[in-house]
Structure formats: structure tokens, C-alpha cells
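Here is the structure we will look at, set down as C-alpha cells.
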Amino acid sequence: MRRFTTVLLLACASLTGCVIQPVPMYRLDNGVVELPTKDDGAAVMLGPVVLADYLQRDVLLQRLPDGSLANEGQRARWAGSLKGDVDQLLLRQLASQLKTQRLELSPGSKGFTPDVQVEVSITRLDSGPQHPAVLEAQWRLLDKQGKRQSSRLVRLQEEHQGSTTDQVRAQSLLLQRLSEMMANAIEPAVVAQTRVKREIKTPRKAEPSPPAIPAAEPIRTDLEVFRF
């Protein structure tokens, strides 16, 4: 009976240890951003931001040496929604780089009229202990009328030290680099839209016409010419 009780207690202790074992949880790093204080910048709409199906889960996947993906299970999870983290990282990075507070996630609030809109599709974002972090994405830039201005496919890669923490750091850096590339594409379109707005608000004044020059009239003389 004593042996049975001891075995039972050890089993309970083992189970209790498994239950209370902490699960590491990770979030993307937004980086060092300096958010602008003024809200008179260009209006930019971000999104829709679409993640690949395999990324829409709370577990942190690992790329294996053979190229396949493995589920980390209880060993590593995302703290919250990976989609929400990606949205906020890109939004804050764009606000800092474009120096504007007027950014909203698609579909935007009522009455918000963007000067430009950028749609993002992320088809790959992963890494592994022996694989670098890789980001594959495409963005499309739309003007105020919803007409596509430009589109680009990108593939970015970042090395890491192998630990899960450093892998998340590398993935965060890739998204920060993506936002920088998008900001460089958005800025010329924003400048063009701002110039159009200023021209509409302050139309050019008509230049004064030059003074009329009176037509020259021939001068008549009644002098006679004598020859000797």
C-alpha cells in the first residue's frame, strides 16, 4: 500500500510539473521608431495585409534542414496574433518613415480618404535553427482613385544565431526592411498628391499681358531732292 501511494504521488508530481511548465511566447519587435507629433501629413491606408495560410496559427513554425516545416508545439508560440503584430509593425514603421500620423489599416474609418493605399501580401516568413530568416512578399501601390501605380515582388533574407529568440529578431528586421522599401515607393506618390492638392487650393494667377506697343506709322516728308 505504501509503495502504491508513493508511486501515485510521484505520478501526480510529474503531471503537475508538465502542466505548470512555462511555454515561451514571442512577439515581433517594432524596432526604434520616432512617431511624428503633427497630424498634417499625407493620408496613407495600409492594407489589406494578407498572410499565407500556414502563418495563420499561434505556434512558431521551424524550417528544418530538408526545407520542410515543423510545429514547435508547446516549445514556442506567438503571444497573440501574428497578423496583428505584422500590421502594427508595418503601420508604426511607415508612420515614422513618412512622418505622418494619418495612417489607418484597411478598410479605414468612416470619412477617412487616403491619398495613397498600399496592399501587402506576405507569402513566406519563417526560419529555422540552421536556416536564415526569409521573407517573401508583394506590395501594390494605389492612388487616390484606386488605380495601381506600382507593384513589386521582394525576397529578403537575414542571418541569425540559431535560437528561437534570435530567429524572431531576424524576422522582425525583415519586416522593418520591407516597410522601409514600401516607404521609399510611397513617398513620391505622396509628394505628387500633395502638389495636386496645393494647386487646387491656390490656383495660379493669370500673368499680366505685356503693354501694347503702338504700330509704327511711316513718316512722310515733302522735301524735294535737287540734282546738279
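Between T100 atom OG1 and I186 atom CD1 the span is 10.5 Å, to the nearest 0.5 Å.
Within the 4.5 Å cutoff, the side chain of L35 has heavy atoms near those of the Q101 side chain. Looking at R63 and V134, their side chains never come closer than 4.5 Å, going by heavy atoms from C-beta outward. At least one side-chain heavy atom of L125 sits less than 4.5 Å from a side-chain heavy atom of L175. Side-chain contact check for V168 versus L60: some heavy-atom pair is nearer than 4.5 Å. In this structure the side chain of T165 never reaches within 4.5 angstrom of the side chain of R169, judged on heavy atoms. Q171 is not listed as a side-chain neighbour of L135, based on a closest heavy-atom distance of 4.5 Å or more. Between Q138 and T123, every side-chain heavy-atom pair lies at or beyond the 4.5 Å cut-off. No side-chain heavy atom of V116 sits under 4.5 Å from any side-chain heavy atom of V118.
With H160 contributing its side chain and H131 its backbone, the two residues share a donor-acceptor pair below 3.5 Å. In this structure, K83 contributes its side chain and V49 its backbone to a donor-acceptor pair below 3.5 Å. Judged by distance alone, the side chain of S172 and the main-chain N or O of D29 form a donor-acceptor pair under 3.5 Å. Formation of a donor-acceptor pair under 3.5 Å by the R102 side chain with backbone atoms of G41 is found in this model. Side-chain atoms of S109 never come within 3.5 Å of backbone atoms of F112 as a donor-acceptor pair (strictly under, hydrogens ignored). When atom types are taken as modelled, the side chain of D115 and the backbone of A42 share no donor-acceptor pair closer than 3.5 angstrom.
Hydrophobic clustering (ILVMFWY, side-chain heavy atoms < 4.5 Å, transitive): L173 and V86 are in distinct clusters. Residues L105 and W139 fall within the same hydrophobic cluster, defined by Ile, Leu, Val, Met, Phe, Trp and Tyr side chains chained together at heavy-atom separations under 4.5 Å.
The only member of V59, L28, L55 that meets side chain to side chain contact (heavy atoms under 4.5 Å, CB included) when paired with W78 is L28.
Considering all non-hydrogen atoms of both residues, A133 and A170 come closest at CB-CB, 3.7 Å. The two residues T164 and A76 come nearest to each other via the heavy atoms CG2-CB, 4.1 Å. Nearest heavy-atom pair across A183 and Q97 is CB-OE1, 3.2 Å.
A donor and an acceptor atom, one from each side chain of Q167 and Q62, are located under 3.5 Å apart.
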